[in-house]
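Take a look at the structure set out below.
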Amino acid sequence: MNKLIALSGVFLFAFILVSCNGSDNGAGKPGNKAENPEGLIVVGFSQVGAESDWRRANTRSMRETFTREKGYRLILKDAQQKQEHQIAAIRDFIQIKVNYIVLAPVTEQGWDSVLEEARDAGIPVIIMDRMIKTLDDTLFVSWVGSDFRREGGMAAVWMEKTFKDKKKLKIAHMQGSMGSSAQIGRTEGLQEGVARNAGWQIVIRDSGDFAQVKGKEVMERFLSKYRDIDVLYCENDNMAFGAIQALNEARLPYGLFGGLKIVSFDATRAGLEQTLARNISYNVECNPLHGPRVENIIQQLQLGKTPNKIVYVDETAFSADTITQEEIDARAY
Ligand code: GZL
């Protein structure tokens, strides 16, 4: 009998030893999950979708940064632009006890509840690209992305310079995914321009959801109502590509050959090629290469440091009058 008690004590001790091993889900230590034998840093990444060239460049940057060779396991979930998919993905990441959660939020609202669950599970959350609206800044460790209102402001200043002699300026406004920081900020930038310029009028507005197909449909609707638009203020390149398709099909002039001027955002390679061709007149950069920036935040956390809460990326803009092929060829995306 004594031998039996002794033997069960040994098994009990062994069991406790094994189940406590790696149970600390602190940054970088292997969580208590079988699928991480090499002790990789497991990063759960909830991505908006694959709706645009910008988004695909952003995903590429994350994949190229968080490689197994560098000690990471990246679990990427594409939300097809649906917030409920992102919330489910975050819950999955909590369930499998990832070391970090990276969220590129499709919209600004509605994150408190699921991010409270992540915080309470002790998993640091990094917000990337667009921002979330919350009163509780303990819900995320750091945010890295663009100043979208500044981007819109740069476009508005270009419009002021370009059309300074025009008493009346008729603007068609194609917005991105409604409620996203990129749409909110770029729209604010335009609205501030309208407030400064009494002759500016937004004659029509609709959302193309940052996608080319929808952008073409929206532009067709714009053209069915207005043929004397001076500027199309288009909140990303892919919608601008759709608008160009609609203009070509309607055989309407634009860009270099007179007619409406297109202002776009993202400055993706394809967008800059269209700018060089003078189809897009002005293109404001929105840098998608956040992989290294997110890694820098994670490395700081690994070392027990406190990263900056807000990290804006530097961005510029390109005009059809001055851009060169060499400039485009030298860019990373
Ligand atoms: C901007 C990003 C936007 C891009 C679009 O940071 O959120 O989403 O401008 C993308 O191309 O779809």
Side-chain angles (χ1 to χ4, degrees), residues 19 21-51 55-56 58-68 70-134 136-145 180-181 288 290-302 304 307 309 311:
S19 62
N21 174 29
S23 63
D24 167 11
N25 194 42
K29 299 183 185 66
N32 51 2
K33 47 192 180 304
E35 68 279 13
N36 187 20
E38 317 97 282
L40 298 170
I41 297 173
V42 185
V43 178
F45 173 32
S46 173
Q47 177 59 294
V48 166
E51 74 282 0
R55 187 66 54 196
R56 291 186 284 274
N58 178 245
T59 296
R60 220 169 21 251
S61 175
M62 289 292 285
R63 286 193 193 282
E64 289 167 359
T65 300
F66 292 99
T67 60
R68 184 174 286 272
K70 290 171 69 182
Y72 299 103
R73 178 179 168 218
L74 180 70
I75 305 171
L76 186 152
K77 290 185 181 257
D78 175 331
Q80 284 97 33
Q81 291 184 277
K82 290 181 174 51
Q83 182 174 31
E84 59 269 28
H85 290 177
Q86 294 200 286
I87 290 171
I90 292 169
R91 291 199 164 114
D92 288 348
F93 295 149
I94 295 169
Q95 192 69 30
I96 63 171
K97 297 181 171 55
V98 299
N99 296 111
Y100 297 96
I101 290 172
V102 179
L103 169 65
V106 64
T107 186
E108 292 198 341
Q109 303 287 347
W111 299 102
D112 279 17
S113 171
V114 73
L115 293 185
E116 281 165 10
E117 293 169 31
R119 179 195 56 201
D120 297 349
I123 302 176
V125 173
I126 297 157
I127 308 290
M128 173 186 73
D129 176 26
R130 303 172 186 176
M131 192 40 159
I132 63 168
K133 269 267 182 294
T134 180
D136 181 354
D137 74 356
T138 68
L139 295 182
F140 65 97
V141 170
S142 190
W143 170 85
V144 57
S180 69
S181 308
H290 292 322
R293 299 172 186 125
V294 172
E295 184 185 29
N296 178 271
I297 292 166
I298 287 178
Q299 285 305 320
Q300 290 181 63
L301 292 168
Q302 288 288 101
K309 194 79 177 175
V311 180

Legend entry - Donor-acceptor contact present, side-chain Asp129 to main-chain Ala104, <3.5 Å: no
Legend entry - Non-hydrogen atoms of Gln86 and Val48 that approach each other most closely: NE2-N, 3.9 Å
Inset, instruction - Heavy atoms only: give me the nearest Met62-Gly291 pair and the separation to one decimal. - result: SD-CA, 3.8 Å
Inset, instruction - Return the set of residues passing side chain to side chain donor-acceptor pair (under 3.5 Å) with Asp78 (not counting sequence neighbours), or none when no residue passes. - result: none
Legend entry - Side-chain (Lys309) to main-chain (Asp137) donor-acceptor, under 3.5 angstrom: yes
Inset, instruction - Give the minimum heavy-atom separation between Gly110 and Gln83, together with the two atoms involved. - result: O-NE2, 3.4 Å
Inset, instruction - State the CG-OG1 distance between Asp120 and Thr138, to the nearest 0.5 angstrom. - result: 8.5 Å
Legend entry - With Phe93 via ring pair (Phe, Tyr, Trp, His ring centres under 6.0 Å) - residues at least two apart: none
Legend entry - side-chain contact (heavy atoms from CB on, under 4.5 Å) against Thr134, all qualifying residues, sequence neighbours excluded: Asp112, Ile132, Asp136, Leu139, Phe140
Legend entry - N-O pairing of Arg130 and Glu108 below 4.0 Å: no
Legend entry - Min side-chain heavy-atom separation Val106-Lys82 under 4.5 Å: no
Inset, instruction - Flag yes if more than 12 heavy atoms outside Gln95 fall under 6.0 Å of its CD atom; otherwise flag no. - result: no
Inset, instruction - Inspect the contact between Glu295 and Lys70 and indicate whether a charged nitrogen and a carboxylate oxygen are less than 4.0 angstrom apart. - result: yes
Legend entry - Distance-only donor-acceptor check, side chains Gln47 and Thr59, under 3.5 Å: yes
Inset, instruction - Please examine the side chains of Arg73 and Val43, heavy atoms only from C-beta on, and report whether any two atoms are closer than 4.5 Å. - result: no
Legend entry - For Val144, side-chain contact (heavy atoms from CB on, under 4.5 Å) partners two or more places apart: Met128, His290, Arg293, Val294, Ile297, Val311, Val313
Legend entry - Heavy-atom side-chain proximity of Ile101 to Ile94 below 4.5 angstrom: yes
Inset, instruction - Please list, chain by chain and in numerical order, all residues satisfying ring pair (Phe, Tyr, Trp, His ring centres under 6.0 Å) with Trp111, sequence neighbours excluded. - result: none
Legend entry - Spacing of Leu301 atom CG and Ser142 atom OG [to the nearest 0.5 Å]: 8.0 Å
Inset, instruction - Look up atom CZ in Arg91 and atom OG in Ser113, then write down how far apart they are to the nearest 0.5 Å. - result: 5.5 Å
Inset, instruction - Could you tell me whether the side chain of Tyr100 reaches within less than 4.5 Å of the side chain of Ile41, counting heavy atoms only? - result: yes
Legend entry - Reported CZ-to-CZ distance for the pair Arg63 and Arg60, which is rounded to 0.5 angstrom: 11.0 Å
Inset, instruction - Determine the sole option in Ile75, Val98, Leu103, Leu74 for which the side chain to side chain contact (heavy atoms under 4.5 Å, CB included) test with Phe45 is passed. - result: Leu74
Inset, instruction - Please examine the side chains of Pro292 and Ser61, heavy atoms only from C-beta on, and report whether any two atoms are closer than 4.5 Å. - result: yes
Legend entry - Tyr72: partners by ring pair (Phe, Tyr, Trp, His ring centres under 6.0 Å), with sequence neighbours left out: Phe66
Inset, instruction - Mind listing the closest non-hydrogen atom pair of Pro288 and Asn58 along with its distance? - result: O-ND2, 2.9 Å
